[in-house]
Number of protein chains: 4
Amino acid sequence: MIKQTKGRVLGRPKSKDKTAPTNEVILQAATRLFFENGFQKVSVDDIAKAAGMTKATVYYYFDTKAILFTETIVSLMRRIRERIVQILSPDKPLYDRLFDVTIAHLQATTSIDLEGFMRESRSSLSEEQIQEMRMAEEEMYKSIEEAFLTAIEAGEIPAINAKFAAHSYIALVKVGNYKQSDGTTFFQSVEETAKNIMDVFWRGFFGK
Amino acid sequence: MIKQTKGRVLGRPKSKDKTAPTNEVILQAATRLFFENGFQKVSVDDIAKAAGMTKATVYYYFDTKAILFTETIVSLMRRIRERIVQILSPDKPLYDRLFDVTIAHLQATTSIDLEGFMRESRSSLSEEQIQEMRMAEEEMYKSIEEAFLTAIEAGEIPAINAKFAAHSYIALVKVGNYKQSDGTTFFQSVEETAKNIMDVFWRGFFGK
Amino acid sequence: MIKQTKGRVLGRPKSKDKTAPTNEVILQAATRLFFENGFQKVSVDDIAKAAGMTKATVYYYFDTKAILFTETIVSLMRRIRERIVQILSPDKPLYDRLFDVTIAHLQATTSIDLEGFMRESRSSLSEEQIQEMRMAEEEMYKSIEEAFLTAIEAGEIPAINAKFAAHSYIALVKVGNYKQSDGTTFFQSVEETAKNIMDVFWRGFFGK
Amino acid sequence: MIKQTKGRVLGRPKSKDKTAPTNEVILQAATRLFFENGFQKVSVDDIAKAAGMTKATVYYYFDTKAILFTETIVSLMRRIRERIVQILSPDKPLYDRLFDVTIAHLQATTSIDLEGFMRESRSSLSEEQIQEMRMAEEEMYKSIEEAFLTAIEAGEIPAINAKFAAHSYIALVKVGNYKQSDGTTFFQSVEETAKNIMDVFWRGFFGK
DNA sequence: GATGAATGAGGTTTCATTCAT
DNA sequence: CATGAATGAAACCTCATTCAT
């Protein structure tokens with residue numbers, strides 16, 4: 001208890017090499033770890049180590065673990081949304097553009113599923129943080145919803161409940177990512193999977 | 001004079017006096033807590049308190065938290081499977097029977113989503129435990145798959161990839177449970193939701 | 001992060017020897033440490049080590065450090081109060097009984113001063129905890145106040161503001177405990193100190 | 001053309017422009033915070049923020065927290081001492097001058113009590129720092145002691161132990177600052193309080 | 001069967017201090 | 001002068017697990 005501070009060597013270490021901004025490095029490490037192991041299981045220390053720095057440095061950039069987590073999710077959702085918007089932008093039939101999105105997601109590693117994260121982190125996050133994540137998620141869905149609405153207005157497809165369609169579409173894409181207990185998938189190739197998903201979805205909502 | 005201790009009748013108590021066996025009580029409490037807060041966030045003490053006993057008692061019945069969790073999940077999956085099988089058994093058109101399953105799930109409180117649970121508990125469970133949970137999940141899916149296979153054999157519906165259809169079906173039902181950030185759902189009533197889901201699914205897989 | 005629990009040797013260690021009840025042992029150690037170093041400076045670990053056990057054991061008995069601190073103070077105040085009551089009870093002139101109390105306190109090691117403790121712990125304690133401590137302190141003062149009131153009623157001393165007198169008395173006794181920077185005290189012996197304090201107090205309140 | 005950067009006049013700013021020197025600003029903030037929350041509870045960051053600057057700047061002026069604390073206390077004691085000396089200097093009877101000091105202290109917000117500070121900071125300060133604080137405290141007491149000695153020499157009051165009297169006097173004044181748990185004080189007004197304290201003190205040391 | 005007592009390990013957060021700019 | 005960035009150390013508290021009764 002009685003500890004007189006004796007000249008320790010603390011403080012910022014001497015170094016010169018410029019790298020990526022520290023907070024980006026942290027977010028990157030955090031994203032990977034949180035998505036692999038969930039909110040509770042990943043410690044701030046884990047993130048710090050993965051980012052090549054000290055716990056205290058992580059806390060210098062993000063006041064709490066909950067904030068770091070929220071920003072991680074929000075930033076990821078934003079990236080996904082941007083990717084979707086980009087893939088949906090070309091001047092092609094909606095079917096073809098959706099097909100491209102499907103392929104892209106079947107190839108991506110990270111699932112988009114917020115549900116599980118919400119459950120395990122809910123009690124550790126503030127109401128605002130939960131709202132923030134939820135909104136980012138909805139923005140992501142909205143990017144697809146809007147493609148439907150535009151196509152409806154343009155007369156390309158019949159009128160449907162666009163929000164429900166967007167969620168249904170993502171749900172089906174996630175089915176495509178499912179791996180059974182023996183490790184096999186429903187179809188042989190990504191293309192075949194995408195084809196089947198698109199068929200079910202398209203027929204389901206627009207008939208033939 | 002015959003003295004009765006604390007007004008308790010002598011002899012073996014009649015079955016009415018009996019409360020549920022302790023391990024069932026634990027499983028019940030555990031199910032609720034795990035589903036509300038996830039694996040990591042729920043402590044064995046939480047479960048014990050919710051079950052009205054001490055931690056040590058829980059450990060008397062379940063050797064580790066991981067085992068308790070696994071049994072919780074497996075037992076839940078089994079219950080869901082049984083429920084599905086039961087609803088699917090009457091001698092009615094497949095569409096009608098599936099419709100009933102849909103209604104039942106839209107009314108149920110617990111989501112069936114294992115994904116989130118797997119992520120956050122994976123590193124705390126043994127390989128066998130993970131397998132056990134996965135198998136229970138697949139059994140659940142299989143109960144639907146088999147309804148498809150039987151209907152195909154009977155010529156009631158055209159041949160499809162039954163496993164993929166089962167997963168797609170559950171995925172769409174889960175969409176029906178989605179609540180947006182403002183608390184609203186896609187449709188007004190459970191019936192309307194079920195109708196829309198069934199329409200998309202049925203058209204998607206069997207055309208008209 | 002990925003840490004599979006491998007048969008560690010935890011839990012209650014095997015032992016047989018009966019000693020004092022654990023919570024008493026903790027309170028004792030805590031009292032000493034808190035009084036030597038103050039609330040903030042003493043860590044729960046320090047207390048645990050001083051009490052010959054683990055931090056976790058301390059937390060098993062006292063939910064938070066603030067609670068432990070509060071109980072420590074309250075129990076100490078109670079002990080002091082009891083001591084005072086006891087010394088004040090014999091059938092002797094008030095002057096003589098107060099003299100005895102003075103002697104007792106000049107010989108005691110612990111100061112009765114709550115002020116400093118309040119300041120440094122205030123922001124860490126709940127409103128109720130602060131009240132609890134304050135009340136225990138007032139009870140202590142009241143034990144002296146009552147001696148005055150009784151003596152006034154009995155006509156042994158003239159009427160005075162008993163509460164003010166009690167606080168003044170304790171304040172003067174604390175002066176007697178003061179050690180100057182060179183380590184010396186105002187008077188040579190405890191008796192001489194007590195005599196001077198009592199003279200000033202008695203004359204100050206009752207004239208001759 | 002002469003360009004003036006950001007509308008600032010050239011040359012050394014007139015004294016009106018000058019704000020208080022930075023180290024004074026720090027000391028001021030530190031004084032307030034330390035007195036409200038004690039040594040341990042106040043972080044250097046708290047002080048920096050309260051002073052409107054960064055932690056590093058505080059460290060530019062004060063090498064360690066312990067040094068800053070010591071200077072804070074010493075400077076405060078010095079200020080109190082000066083105030084006392086000033087109030088005691090007029091050519092009036094000692095009783096009247098002491099009465100003025102009493103009033104001044106009852107109105108002041110900061111208690112003079114070093115005891116609590118010593119306890120909680122002792123183990124963090126060097127021996128010299130503790131000595132420095134103690135000496136500043138004694139200087140403060142000495143300012144009163146000397147008033148007694150002068151009055152004794154002048155034959156205004158009988159011979160007494162002046163050091164003991166000075167401490168007793170301060171102790172009684174502190175009693176006047178005491179607030180009970182219900183927030184009330186012993187007397188209605190500051191004047192009434194001062195009158196009672198002075199009466200007890202004066203009678204106690206000089207009889208009638 | 002059931003429980004009270006105990007503990008090792010670890011998790012989140014704070015903080016005094018340092019250094020390069 | 002002043003500051004942003006970084007860190008080692010430690011503090012509070014939680015928890016899965018064990019053992020004697």
Side-chain angles (χ1 to χ4, degrees), chain A residues 1 3 5-16 21-23 40-48 53-66 68 124, chain B residues 21-23 40-48 53-66 68 124, chain C residues 1 3 5-16 21-23 40-48 53-66 68 124, chain D residues 21-23 40-48 53-66 68 124:
Chain A
M1 201 161 44
K3 284 158 204 147
T5 333
K6 289 173 209 153
R8 281 176 294 140
V9 183
L10 298 183
R12 180 196 242 199
K14 313 178 190 185
S15 112
K16 255 309 173 23
T22 308
N23 66 340
Q40 306 285 352
K41 189 70 187 185
V42 175
S43 77
V44 176
D45 211 24
D46 291 333
I47 295 170
M53 64 193 69
T54 321
K55 226 184 329 188
T57 305
V58 174
Y59 274 100
Y60 180 78
Y61 286 93
F62 300 90
D63 277 352
T64 66
K65 187 188 177 187
L68 172 54
S124 307
Chain B
T22 307
N23 69 340
Q40 306 286 349
K41 188 71 186 185
V42 175
S43 75
V44 176
D45 213 29
D46 290 337
I47 296 170
M53 63 193 68
T54 16
K55 234 191 316 196
T57 306
V58 174
Y59 273 97
Y60 183 81
Y61 286 94
F62 300 90
D63 277 355
T64 67
K65 188 189 177 187
L68 172 54
S124 307
Chain C
M1 204 161 44
K3 284 157 205 149
T5 333
K6 289 172 207 153
R8 282 173 294 138
V9 183
L10 298 182
R12 180 196 244 203
K14 314 178 187 183
S15 109
K16 256 304 167 36
T22 307
N23 66 341
Q40 307 284 352
K41 189 71 187 184
V42 175
S43 78
V44 176
D45 213 25
D46 292 334
I47 295 170
M53 64 192 69
T54 322
K55 223 187 333 188
T57 304
V58 175
Y59 275 101
Y60 180 78
Y61 287 94
F62 300 90
D63 278 353
T64 66
K65 186 188 177 188
L68 172 53
S124 307
Chain D
T22 306
N23 68 340
Q40 306 286 349
K41 187 73 186 183
V42 175
S43 74
V44 176
D45 213 28
D46 290 337
I47 296 170
M53 62 193 69
T54 20
K55 235 192 315 195
T57 306
V58 173
Y59 273 97
Y60 183 80
Y61 286 93
F62 300 90
D63 277 355
T64 67
K65 188 189 176 189
L68 172 54
S124 306

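Here is how names work: the chains are called A, B, and so on, in the same order as the sequence lines, proteins then strands, and each is numbered from 1.
- When every heavy atom of B/Ala66 is checked against every heavy atom of B/Ser124, the shortest pair comes out as CB-O, 3.9 Å.
- When the nearest nucleotides of DNA chain E are assigned to D/Asp46 and B/Val58 by heavy-atom distance, the more 5′-ward of the two goes with B/Val58.
- Among all heavy-atom pairs drawn from C/Tyr61 and C/Asn23, the shortest one is CD2-CB, 3.8 Å.
- Between B/Lys65 and C/Val44, the residue whose closest nucleotide on DNA chain F is further toward the 5' end is C/Val44.
- Scanning all heavy atoms of the two residues, the minimum distance from A/Thr64 to A/Tyr59 falls at CA-CE2, 4.1 Å.
- At the heavy-atom level, D/Tyr61 lies under 4.0 Å from the strands shown only through sugar-phosphate atoms.
- Smallest separation of non-hydrogen atoms from D/Ala48 and D/Thr54: CB-C, 3.5 Å.
- Put simply, CG on C/Leu68 is 15 Å from P on F/dA11, counting in whole angstrom units.
- A residue-by-residue look at B/Asp45 and D/Met53 shows that D/Met53 has its nearest nucleotide of DNA chain F further toward the 5' end.
- Atom NZ in D/Lys41 sits roughly 8 Å away from atom P in E/dC15 (whole-Å rounding).
- Put simply, D/Tyr60 has no side-chain N or O that comes within less than 4.0 Å of OP1 or OP2 on F/dA2.
- Between A/Thr54 and F/dT7 there is a side-chain N or O to OP1 or OP2 distance below 4.0 Å.
- Nearest to the side chain of A/Thr64, among F/dT14, E/dT13, E/dT18, sits E/dT13.
- With rounding to whole Å, A/Ile47 atom CD1 is found 11 Å from E/dT13 atom P.
- The nucleotide whose nearest atom lies closest to any side-chain atom of B/Tyr59 is, among E/dC19, F/dA16, E/dT3, F/dA16.
- A/Tyr60 pairs by the side-chain contact (heavy atoms from CB on, under 4.5 Å) definition with nothing, not counting sequence neighbours.
- For D/Ser43, taking side-chain heavy atoms from C-beta onward, the closest of the listed nucleotides F/dT17, E/dC15, E/dA2 is E/dC15.
- Between D/Gln40 and B/Thr57, the residue anchored closer to the 5' end of DNA chain E is B/Thr57, taking for each the nucleotide with the nearest heavy atom.
- Put simply, CG on C/Asp63 is 15 Å from C1' on E/dA5, counting in whole angstrom units.
- The residue D/Val42 sits close only to the backbone: its heavy atoms come under 4.0 Å of sugar-phosphate atoms, none of a base.
- Shown here are the salt bridge (charged side-chain N to carboxylate O under 4.0 Å, His left out) partners of A/Asp45, two or more places apart in sequence or in another chain: A/Lys49.
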*Bracket string, DNA chain F, 5' to 3' - pairs by Watson-Crick or G-U geometry under 3.5 Å, | interstrand*: .||||||||||||||||||||

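- Taking only distance into account, the side chain of D/Lys55 meets the base of E/dT17 through a donor-acceptor pair shorter than 3.5 Å.
- Here A/Lys55 contributes atom NZ and A/Lys65 contributes atom NZ; the two are 12.0 Å apart, rounded to the nearest 0.5 Å.
- Considering only side-chain N and O atoms, C/Thr22 lies under 4.0 angstrom from the phosphate OP1 or OP2 of E/dA6.
- Between the CZ atom of A/Phe62 and the C1' atom of E/dT14 there is a distance of 18 Å, rounded to whole Å.
- One N or O on the side chain of B/Ser43 and one on the backbone of B/Asp46 form a donor-acceptor pair closer than 3.5 Å.
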